[in-house]
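Here the structure is laid out as structure tokens; the discussion comes afterwards.
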Amino acid sequence: MAVEENCLQTMKAYIQEALRQVLRTIDGVPEDFQPELEKPNNPEHGDLATNAALQLTRYLKRPPRQIAEEIAERLRALPLDPRRVASVEVAGPGFLNFRLASDYLAQVLADILTAGERYGRSDLGQGRAAMVEYVSANPTGPLTVGHGRNAVLGDTIANLLDWIGYRVTREYYYNDAGRQMRVLGASVRARYLALVDPTLPTKKIQVAEDAWVEVPEPFPEDGYLGDYIIDIARMLYEQHGEALRDVEDLTPFKEAAEKVIFEDIRRTLARLGIRMDSFFNEHTLYENGKIWEVVEALREKGYVYEKDGAVWFRTSALGKDQDTVLVKRTGEPTYRLPDIAYHITKFERGFERIVDIFGADHIATYPDVLRALEVLGYDVKKIDVVIYQFVTLVRGGEPVKMSTRRATYVTLDELIEEVGEDVTRFFFLMRSPNTHLEFDLDLAREASEKNPVFYLQYAHARICSIMRKAEEVGLRESPNPELTLLQHEAETALIKELMRFPEVIQEAARTYEPHRVANYLREVAVAFTKFYEHCRIIGESEVLAQARLALARATRLVLSNGLRVLGISAPERM
RNA sequence: GCCCACGUAGCUCAGUCGGAUAGAGCAGCGGCUUCCUAAGCCGUUGGUCGCAGGUUCGAGUCCUGCCGUGGGCACCA
């Protein structure tokens with residue numbers, strides 16, 4: 001299913017092979033020496049360059065330029081296919097610079113058009129099963145801006161894995177038992193009781209230095225203060241009247257809250273084009289006894305002991321400075337235990353590449369899970385943990401501390417409302433996951449008008465517009481355009497940019513860094529805009545117009561394919 | 001105290017496996033529209049790549065130390 005096409009990677013492979021062939025003929029070159037090829041920053045340095053000669057100085061004990069000259073000479077003598085490589089030169093301290101032949105660029109362009117919507121896809125994953133676990137927020141409240149980064153990052157990483165040939169499952173892991181949910185139920189119950197009896201006494205809970213929230217008396221001290229709790233209570237009141245007044249059991253309140261909140265979460269995710277394949281309830285790991293199997297399995301390996309009524313995991317024997325509790329004195333497991341059991345199910349379900357998307361607060365805890373899995377004989381190399389740094393919210397020049405419970409958060413919905421779906425996604429994707437994301441809410445609305453995402457979409461819309469115009473004036477796209485006519489600097493530069501796309505996708509997938517795609521698309525848009533400024537389509541001779549139209553179409557393909565990976569729309573008009 | 005990430009232009013950030021003259025957007029300044037979308041284009045100002053050592057042909061990139069920012073170091077999730 002691999003898309004056989006000419007692109008930068010194909011060319012690299014070709015030149016690399018030629019280099020290896022030549023290097024074998026030079027005395028003193030180590031057997032396992034691998035020449036590296038990269039795209040120089042400066043276009044004057046050609047299209048591809050290798051530093052092989054520089055690296056070989058230490059083995060050959062000769063000046064790098066001399067080595068480079070020798071390699072270049074032998075490369076020319078091979079000879080290199082002139083329809084692929086136009087020239088090879090020695091430059092600078094001893095670099096070898098390669099220039100691509102224009103025939104090759106024409107061939108690349110033709111291949112992009114043939115590949116169409118599949119251009120950029122590859123088969124590195126060979127159809128193996130991959131799972132990306134993301135969002136995984138417990139249903140205690142609406143998704144916040146912080147969850148947004150997780151959701152968009154995870155979803156895009158899943159897209160990237162899909163593009164490089166994995167069969168991807170998107171999973172949301174959650175816990176609807178536990179203390180958090182009890183507090184949630186109690187919060188709803190208190191609000192409900194206040195509706196039943198408006199004379200119920202109230203108290204004030206401090207949420208900030210100068211901010212207080214008034215709540216009904218039975219409200220838990222650490223209860224959830226968001227208005228959505230009141231909405232849920234009101235819904236219960238409308239459905240049941242006063243019937244729940246004397247119900248001490250929190251279950252009906254908890255269940256109602258969970259249902260409403262999950263619907264809300266799904267709706268928010270759907271707005272961002274995110275659709276999970278499955279929701280995994282932590283509770284199933286209790287019901288089927290998996291968590292206890294983990295304890296026993298670890299015990300058999302000698303990594304479990306009892307102390308002070310709790311069950312401990314001997315992490316101190318696995319490189320950590322202290323041991324870790326698996327089961328509390330109360331008999332309740334800590335979250336690590338189900339986490340371990342959960343990851344075992346990922347292996348049992350046959351996933352060969354397992355990706356977890358976590359916020360920076362998990363940095364110290366996931367290693368415990370990996371340690372346990374390793375002890376139990378699972379191949380932890382299959383697990384990749386993507387840690388993204390937190391989103392710092394700034395409002396009115398002040399950083400906002402995000403807490404779902406405190407209701408001092410900004411919801412993801414509010415953000416989407418303010419800046420739109422596309423900008424929201426792009427915003428979370430345009431920066432490296434391991435850098436802090438500063439988010440100035442006051443700026444967001446204004447900035448959204450000038451957001452770089454519009455630049456990409458604008459380039460796409462502009463191409464669509466040209467195509468509409470071409471059709472109007474009766475200019476038809478040719479099935480066999482004369483692509484070798486594309487010799488203008490702006491044209492060749494654009495083709496060279498387009499040919500990088502598959503590699504960019506693969507690198508972004510390998511490193512789990514979607515921002516590489518975002519940055520790349522901007523470069524494509526820049527290259528296209530230069531082409532647009534210098535080369536007209538309509539009004540030129542028919543053959544040239546058709547060749548340029550083909551280039552425009554290829555650009556449009558890269559932009560729309562790239563935007564699709566990022567989950568951002570590619571509008572035909574703006 | 002220990003662990004992780006980060007520190008690059010006024011601001012927000014890129015910077016490929018260690019390569020040639022460190023880039024972009026925004027902000028600032030100056031221009032561009034009888035012509036396929038000006039949400040655009042061109043030019044320009046702006047840098048001790050946190051600091052100090054080290055590794056080597058070569059360091060923003062790797063190593064060590066220090067300083068700073070954020071996150072974490074629970075029988076909370």
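In what follows, chains are A, B, ... by sequence order, proteins preceding strands, each numbered from 1. Quick caveat, the model's predicted, so the values are computed rather than measured. As a basis for the values below, the full set of heavy atoms in this structure was taken, side chains included, without hydrogen atoms, waters or symmetry mates.
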Practice task
Would you say whether A:Phe95 stacks on B:A20? The test is a distance between ring centres of less than 5.5 Å and an angle between planes of less than 30°.
Solution key: yes
Practice task
Determine, answering yes or no, if A:His45 is stacked on B:A20 under the 5.5 Å centre rule and the 30° plane rule.
Solution key: yes
Completion exercise
Sorted by position of nearest nucleotide on RNA chain B, 5' first, the leading residue of A:Asp323 and A:Lys39 is A:Lys39
Problem - A:Val325 or A:Arg516, whichever maps to the more 5' nucleotide of RNA chain B - result: A:Arg516
Among [options], find the nucleotide with the atom closest to the side chain of [X].
{"X": "A:Arg522", "options": "B:G25, B:C57, B:U21", "answer": "B:G25"}
{"X": "A:Phe390", "options": "B:U16, B:A77, B:G71", "answer": "B:G71"}
{"X": "A:Gln55", "options": "B:A24, B:C17, B:G19", "answer": "B:G19"}
{"X": "A:Tyr458", "options": "B:A38, B:C35, B:C76", "answer": "B:A38"}
{"X": "A:Arg468", "options": "B:U21, B:U37, B:C13", "answer": "B:U37"}
{"X": "A:Thr529", "options": "B:G40, B:U37, B:C76", "answer": "B:G40"}
{"X": "A:Tyr455", "options": "B:C41, B:A14, B:G71", "answer": "B:C41"}
{"X": "A:Thr435", "options": "B:G71, B:U21, B:C13", "answer": "B:C13"}
{"X": "A:Ser432", "options": "B:A77, B:A14, B:C36", "answer": "B:A14"}
{"X": "A:Ile363", "options": "B:C36, B:C4, B:G70", "answer": "B:C4"}

Problem - Check: A:Tyr455 ring centroid to A:Tyr458 ring centroid under 6.0 Å - result: no
Exercise for the section: Report yes if the side chains of A:Phe454 and A:Met574 come closer than 4.5 Å at any heavy-atom pair, otherwise no. Expected result: yes
Exercise for the section: Respond yes when some side-chain nitrogen or oxygen of A:Tyr520 is under 4.0 Å from OP1 or OP2 of B:A24, and no when none is. Expected result: no
Problem - Charged N-O contact under 4.0 Å between A:Arg99 and A:Glu89 - result: yes
Exercise for the section: In plain terms, say whether A:Arg476 and A:Glu471 are close enough for a salt bridge, that is, a side-chain N and a carboxylate O under 4.0 Å apart. Expected result: no
Practice task
Is it possible for you to check whether A:Arg431 lies under 6.0 Å from the centre of the six-membered ring of A:Phe427, through NZ or CZ, and within 45° of that ring's axis?
Solution key: yes
Exercise for the section: Measure from NZ or CZ of A:Arg336 to the centre of the six-membered ring of A:Phe313, then state whether that distance is under 6.0 Å and the direction lies within 45° of the axis. Expected result: no
Practice task
Using only heavy-atom distances, decide whether a donor-acceptor pair under 3.5 angstrom links the side-chain of A:Asp339 to the base of B:A77.
Solution key: no
Handout entry: Presence of donor-acceptor pair under 3.5 Å, side chain of A:Asp361 and base of B:G71
Key = no
Exercise for the section: Could you check how far CZ of A:Phe427 sits from C1' of B:C13, rounded to whole Å? Expected result: 11 Å
Handout entry: Rounded interatomic separation in angstrom, taking CD from A:Glu572 and P from B:A39
Key = 19 Å
Handout entry: Donor-acceptor pair between A:Asn138 and A:Thr140 side chains, under 3.5 angstrom
Key = no
Problem - Polar contact flag, side-chain donor to acceptor under 3.5 angstrom, A:His147-A:Thr144 - result: yes
Exercise for the section: Starting from Watson-Crick (N1-N3 plus N6-O4 or O6-N4) and G-U wobble pairs under 3.5 Å, report the runs of at least three that RNA chain B belongs to. Expected result: B:1-7 with B:67-73, B:10-13 with B:23-26, B:28-32 with B:40-44, B:50-54 with B:62-66
